[in-house]
Amino acid sequence: MNAWLARRKRTGRSSIGTGGALLLSRLLCVVFLGSVASTAHGTELPGSELEVFRKPEASDCPESAALARAVLALGTAPNQPPSRLRIEVTFERNAEGYAATVNSFGSKAGVRRLAMAGKTCEPLAEAVSVTLAVLLDLIPSPEQQSASDHGTPASAPEKAMPPFVLDAAARAGVAYGELGPAISGVFSPALRLGRERFQLLGSVFWNTPDNADFRNGFVRVGLWGGGIDACFRLGPSDRARLGFLPCAGFRLGRLSGKGVQFDENYEAAQTWNALSLSGAARLPLSKKWGFVASLSALVPLKRHRFLVAGAGPAFETQPVAGVLEIGPEVQIW
């Protein structure tokens with residue numbers, strides 16, 4: 001009898017020890033899972049339920065209660081709040097900084113992803129608070145609105161494309177090679193249409209006639225026409241500062257010649273055209289007025305000559321001509 005009782009007691013102690021170990025292991029498992037799982041706490045917002053999940057590396061991000069307080073500090077619920085929403089916010093951290101995923105369920109279902117660089121979660125938490133306030137249609141109080149208007153600098157508006165600018169210019173100068181190996185005067189009114197750095201220049205020109213001596217007489221040569229140039233402003237685009245404009249263009253004109261003091265005098269005319277490479281400097285004098293100096297190289301597309309019957313050429317154009325012009329320029333609009 002005593003031996004049997006002793007065996008029962010030993011067996012009972014063994015049974016109780018096994019059950020306690022099993023219960024302890026389950027408890028430790030629950031504690032371990034709770035420590036490694038993301039924390040989630042739900043709280044109420046106006047007409048909505050907020051639940052926050054934080055990954056272990058983002059433990060400095062706010063819990064649902066703290067985030068709800070930050071959201072409610074941004075405004076009050078509207079008179080007719082939207083239909084009930086469920087909002088889930090998940091905070092995490094990566095190599096670049098912090099990120100948050102906002103999932104909303106209900107009438108405004110959707111997913112919003114926010115990310116901000118930084119060493120703390122505070123900037124991201126503020127951004128999430130604003131996002132939730134907008135999602136919930138919270139109304140800022142007059143004090144908050146006034147503080148926002150006076151305390152937050154207005155964001156700079158997008159840079160608008162400047163309007164087209166139209167300038168008129170009157171230039172005068174000298175040319176060499178347009179009317180043979182001689183210097184002639186040139187007068188050239190022009191219009192310049194510009195937008196930012198790109199400009200289009202249209203002009204007309206007139207050269208003072210020049211006399212090409214030949215034997216007992218001479219040939220009076222004249223040239224007039226027009227041109228168009230595409231220009232690009234180098235340096236600052238501000239018109240109130242000195243600017244340099246390289247240009248490339250085309251000239252089209254009428255080259256005329258008239259024989260004088262020959263036995264028989266005739267007149268003739270030819271179509272004259274040339275390519276142009278030029279550079280101009282514009283010096284601003286006031287808001288609308290400026291002074292322009294330009295230097296151009298002209299390359300005629302073909303050689304022109306005037307002949308005296310039975311005597312040969314009395315005039316022939318040069319392969320390259322140069323033109324130097326200066327004059328005022330005024331802005332029309």
Is any side-chain heavy atom of N216 closer than 4.5 Å to one of F214? no
F91 ring center near Y98 ring center (under 6.0 Å): no
Kindly give the heavy-atom pair with the smallest separation between V52 and S64, and that separation in Å. CG2-CA, 3.4 Å
Can you tell me how far CZ of R93 sits from OG1 of T120, rounded to the nearest 0.5 angstrom? 8.5 Å
Euclidean distance, I332 CD1 relative to L193 CG, rounded to 0.5 Å: 10.0 Å
So, are E92 and R113 salt-bridged, with charged N and O less than 4.0 Å apart? yes
Distance-only polar pair, side chains of N207 and E178, donor-acceptor under 3.5 Å: yes
Nearest-0.5 Å distance that lies between atom SG in C231 and atom CZ in F198: 11.5 Å
Within a strict 4.5 Å, meaning less than it, do heavy atoms of the L74 and V130 side chains meet? yes
Spatial distance of atom CZ (R171) from atom CZ (F291) [nearest 0.5 Å]: 10.0 Å
Quick one: do the R112 and S104 side chains pair a donor with an acceptor below 3.5 Å? yes
Give, for atom CG of L252 and atom CH2 of W272, the distance between the pair rounded to the nearest 0.5 Å. 8.5 Å
What closest approach, in Å, do G180 and Q318 show between heavy atoms, and which atom pair accounts for it? C-CG, 3.8 Å
On a heavy-atom basis, the closest approach of T271 and H304 is O-CE1, 2.9 Å
Let me confirm one number: the CD-CZ distance from E49 to R86, rounded to the nearest 0.5 Å. 5.0 Å
4.5 Å side-chain heavy-atom contact, V165 and Q331: yes
Check R305 with E316, please: is the shortest side-chain N to carboxylate O separation under 4.0 Å? yes
Is it the case that over 12 heavy atoms from other parts of the model lie below 6.0 angstrom from the CG atom of L285? yes
State plainly whether the residues R192 and D229 are in salt-bridge range, i.e. N to O under 4.0 Å. no
A side-chain contact here means heavy atoms from C-beta on lying under 4.5 Å apart; do I228 and L200 qualify? yes
